[in-house]
Amino acid sequence: MNKRTIITLLLALVAMAGQAKEKTIIWEKPAKALNCADLLEIEKVELTKQQTRLYARYSNMPGNWFRIAKESCLQSGGKTFRIVSADSITLGEKFTLGDNGSKRFVLLFEPLPMKTKEFDFIEGMGDNAFKVFGIHDSTYTMPAAAVPAEYLADYAEDDQLEDLKYSAEPAVVHFKALNYRKGMRPRIMAQYVDLKSPGEPQDLNFRMKDDGEVEIKLHVGFPQVVWFHMINFPWSSNCSLYLAPGKEVTVLVDMLKDDTYKGNKFVGYKGYFAKFAREYYQMQTQDDGIEMKKTARTVKELIRDYDEYSAKNDKYIENLPCEQAVKDWLTQLTNSGSYSFSYYGNPIDSLSKQPAFTEHLLQHHISGLKGRKAVLTFAFTEGSRYYAMDKEARGINADLARYCYYLPKVLDGQKVGKPLIEDANLSALYDEAVREYQKTVAAQKEGLPADVHYLDMTDIAPEDILPAILAGYKGKAVLIDVWATWCGPCRMGHKLMAPLKEELKGKDIEFVYITSPSSPYEDWKNMIGDIPGNHYYLTKEQYNHLLDLYHSNGIPTYAIYDANGKQTYTEIGFPGVETIKEEIEKALNTK
């Protein structure tokens, strides 16, 4: 073999080795521009000349199912690439999750071009179909859409917050999408204070229309900072808009922009307080804010820590590089009394309710509620309990504080006299809300199933609720299941325990299910027919008192009592059918 032949062979081998290396392109943990399939994760992509493989995982509660349609496809460059087969699941058929609540599988498609930079996975065009847009290697950056200059402009006239004044006119928000692709229809959630129920955050969910736009109208009543987020599993794009009755703002959304904690698909704002939205988001994503200590064990220590926190935070806010309107709003947040007390079960929660601390806040730390340009938001409703205690206070701020403090008590079933509300609009809204609540209670108490019990605060105090329930089952063991209609693990627990309840029929055990108004009444009423047992729909305070007794910060919560009324078991979270069975048998065997 001559020298030339050897060189030729070597070059051929090198070429073949290079082709082998280029045979498969792998994207580990690929990024996604928009994942509309909250429970489906694309973990890896493999591109070959023969096929494209998607390594996926679906996660949900055990017992739930999913299905990948036979019509699924990939889309890229205006072309469609059909699904061919799947490993570990059968296309078009339901797959039920086991105890681990997760399933990995592989989807095989017609081959995408090897030079593909990004593509979409489309299972169907319906809102509930799995759709993931802009799947790409994490080293590649999706091209950003150009944002028109008008959406980045400053509005000097928006530097002063609005006066606190009621109006029935809605605030209007327009969302417009850049880089919109057919079928996206992202879900956007708005969270704001609804005057019909000021004690609970109001969540409004809506979807963009097929043209990539949507207009929403919010009856905010007063100037509010309203939080919006667009889910992009596992991330979420966020924006906070300062809205007021009769005002309009437009938000521009880049649907294909990569978003992370500090990234965002909300890329431009035009109209009312546009600059506020842009600057407030920047302030939210800073990591160097002032944190309050959570170590106080006495009221005196809490007052010291709160004074220190407040002083540092005021100074920090004053030095922020933003407009005065944003500074004023941030200052209101930290001067609304209970803004920092949101740690369930922390001793600070109870200390902050002590009269000595309340008096200190009234004198030094609720300026955020008293200003002419105060903003109605959760900080206002939470802090309203302090301002409402100031019997000498007058004006719209005091009226609104009393409205936000007392109306939730009425809606929770407490017998509360009407507070002093001098503003005619607020007074009329208060009376209307009370009348609607009374009608609802009257309707609820009629025609309830025999095993359903409706109790309110006018009947039984929170501290007496557990003895009152157990008194109805003297001589029997009792399993108490604290749940909610919106709680997936709660409902799964009901399903898994159904065979055990059948097995225990005829034995001295009662199953008692307890929920509260956090579960919409109609939803609860429709669900309980499939959950044999004794059902109690308690008030919020009764329900929370019960959770406190069980030292629980979550649901489902289970407690078991023997025939003598002695508690023998408690657990937060579903412990499994076998554990429940063992604990019930122990209670039944207790003498």
Would a distance-only check, ignoring hydrogens and angles, find a side-chain to backbone donor-acceptor pair under 3.5 Å from Q224 to V220?
yes
List the residues meeting side chain to side chain contact (heavy atoms under 4.5 Å, CB included) with N128, not counting sequence neighbours, and say none if there are none.
none
So, taking the atom named CG in D562 and the one named CG in D508, what distance separates them when rounded to the nearest 0.5 Å?
12.0 Å
Non-neighbouring partners of S76 that pass side chain to side chain contact (heavy atoms under 4.5 Å, CB included), sequence neighbours left out
F81, L112, T116, F119
Not counting sequence neighbours, which residues clear side chain to side chain contact (heavy atoms under 4.5 Å, CB included) with M142? List them please.
A33, E118, H136, Y140, L256, D258
Over all heavy atoms of both residues, which pair between K540 and G199 is shortest? Give the atoms and the distance, please.
NZ-O, 4.3 Å
Would you say the rings of Y521 and Y537 are close, in the sense that their centroids are separated by under 6.0 Å?
yes
If you take the centroid of each ring, where Trp contributes its six-membered ring, are Y473 and Y561 closer together than 6.0 Å?
no
Can K505 and E502 be counted as an ion pair, charged N to O under 4.0 angstrom?
yes
Side chain to side chain donor-acceptor pair (under 3.5 Å) between H494 and D530, intermediate numbers included:
CA-CA 9 Å; H494 299 162; D530 296 324; over 6 Å; no
For the ring pair F105 and F66, is the centre-to-centre distance below 6.0 Å?
yes
Could you go through E522 and K525, starting from their C-alpha distance and side-chain angles, then the distance that decides it, and tell me whether this counts as salt bridge (charged side-chain N to carboxylate O under 4.0 Å, His left out)?
CA-CA 5 Å; E522 288 302 319; K525 188 176 177 180; 5.0 Å; no
Test side-chain contact (heavy atoms from CB on, under 4.5 Å) on D523 and W486 and set out the steps.
CA-CA 9 Å; D523 292 348; W486 42 263; over 6 Å; no
Taking NZ, NE, NH1 and NH2 as the nitrogens, is one of them in E41 or K29 under 4.0 Å from a carboxylate oxygen of the other?
no
Closest heavy-atom pair and its distance - A69, E123
N-OE2, 2.9 Å
Quick check on side chain to side chain contact (heavy atoms under 4.5 Å, CB included): which of D481, I555, I480 does I514 satisfy it with?
I480
How would you list all residue pairs meeting salt bridge (Lys or Arg N to Asp or Glu O under 4.0 Å) that involve residues 80-90, not counting sequence neighbours?
R82-E110
What residues, two or more places apart in sequence or in another chain, satisfy side chain to side chain contact (heavy atoms under 4.5 Å, CB included) together with R57?
E43, S59, S102, R104
Carboxylate-amine/guanidinium contact E578 K581, below 4.0 Å:
no
Please name all residues satisfying side chain to side chain donor-acceptor pair (under 3.5 Å) with D254, sequence neighbours left out, ordered by chain then number.
N179
Would K501 and F511 count as a cation-pi pair here, with the cationic atom under 6.0 angstrom from the ring centre and within 45° of the axis?
yes
